[in-house]
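Read the numbers this way: they start at 1 and go in the same order the structure lists the ligands and their atoms. The chain is numbered in sequence order, starting from 1. Nothing here was measured: the structure is a model prediction, and the numbers come from that model.
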Amino acid sequence: MSGRLAVGVSGTGSNLAALLAAARRGELGGDVVLVFADRPCPAGQLASEAGVETAIAPDDAALAQALEHTKPDLVVLAGFMRLLGRSITDAFAGRIVNIHPSLLPAFPGLHPQRQALECGVRITGATVHFVDEGVDTGPIVLQSAVAVHHDDTEETLSARILAEEHRIYPEAIRLFAEGRLSLKGRRVSIREGA
Ligand code: GRF
């Protein structure tokens, strides 16, 4: 199965860059056919420069229209900061993934790296999860742990987590594209590869 991916962005776009690089290497199981942003941002610029179709979708109506046009198999949120409403999460149930820089269910929402430092945890990390109507609450696909150092700042910790994000997001998307993920209740099973 080869996947048509629509990637949602709002910020720098380092995850988008990792996905585009993985696609070029044939490691994503699909292609990025649309990059949508809720606002003009460096990630949108990066997409244009890479020759990918882009759309600004400040609300769900605009996003629904863009998705209707490109008909993606999977919607990939990569630092997309606007919450999606039910019309989108229902229409794409089981076909929207997000990446979050913590080991969910710990530290959902904004500034998870700061939350981890303030809480004093020794280990945090990154999570790829399916998106439901909640905030960072959907079924977990892949996680990677990152140790918190005693002298970490939000910036140093974020950078080490980002490196893991760039590794596990393409991997999770490839598993989806290969049809190896199945959902039972809140649990995601991963079928062994051939
Ligand atoms: C990442 O840490 C992502 O997990 C979070 O926002 C950040 C986006 O970074 N939701 P980038 O735009 O992919 O560089």
Engineer: For the hydrophobic clusters of this structure (ILVMFWY residues joined by side-chain heavy atoms under 4.5 Å, transitively), does one cluster hold both Leu183 and Val97?
Structural biologist: yes
Engineer: Please state which protein non-hydrogen atom is closest to atom 14 (O) of ligand 1 and give its distance, to 0.1 Å?
Structural biologist: Ser14 OG, 2.6 Å
Engineer: Heavy-atom contacts with Thr12 under 4.0 Å: which atoms of ligand 1 show up? List them by number with element.
Structural biologist: 12 (O), 14 (O)
Engineer: Starting from atom 6 (O) of ligand 1, what is the nearest protein heavy atom, named by residue and atom, and what distance separates them?
Structural biologist: Gly79 CA, 3.7 Å
Engineer: Could you go step by step and tell me if Arg114 and Glu118 meet the salt bridge (charged side-chain N to carboxylate O under 4.0 Å, His left out) rule?
Structural biologist: CA-CA 6 Å; Arg114 192 186 306 169; Glu118 283 170 358; 5.2 Å; no
Engineer: Could you check whether any heavy atom of Pro101 sits closer than 4.0 Å to an atom of ligand 1, since that is the contact criterion I want to use?
Structural biologist: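 A heavy atom of Pro101 does come that close to ligand 1.
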Engineer: Run the salt bridge (charged side-chain N to carboxylate O under 4.0 Å, His left out) test on Arg174 and Glu171 for me, step by step, so that the C-alpha distance in whole Å, both residues' side-chain angles and the decisive distance to 0.1 Å come before the verdict.
Structural biologist: CA-CA 5 Å; Arg174 186 191 181 111; Glu171 187 183 336; over 6 Å; no
Engineer: Below the 3.5 angstrom mark, is there an N/O of Gly13, backbone or side chain, next to an N/O of ligand 1?
Structural biologist: yes
Engineer: Going by the side chain to side chain donor-acceptor pair (under 3.5 Å) test, name the single residue among Asp60, Asp59, Asp38 that passes it with Arg82.
Structural biologist: Asp60
Engineer: Is there a path from Ile99 to Phe130 through hydrophobic residues (I, L, V, M, F, W, Y) whose side chains come within less than 4.5 Å of each other?
Structural biologist: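 Result: yes, single cluster for both.
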Engineer: Spell out, as yes or no, whether a donor-acceptor pair under 3.5 Å connects the side chain of Arg4 to the backbone of Thr70.
Structural biologist: yes
Engineer: What protein heavy atom sits nearest atom 3 (C) of ligand 1, and how far away is it?
Structural biologist: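 Going by distance alone, atom 3 (C) of ligand 1 is nearest to Glu165 OE1, 3.2 Å.
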Engineer: Atom 10 (N) of ligand 1: which protein heavy atom is closest, and how many Å away?
Structural biologist: Ile99 O, 3.5 Å
Engineer: Can you find an N or O of Asn15 that's nearer than 3.5 Å to an N or O of ligand 1?
Structural biologist: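 The answer is yes, given that Asn15 and ligand 1 share an N or O pair closer than 3.5 Å.
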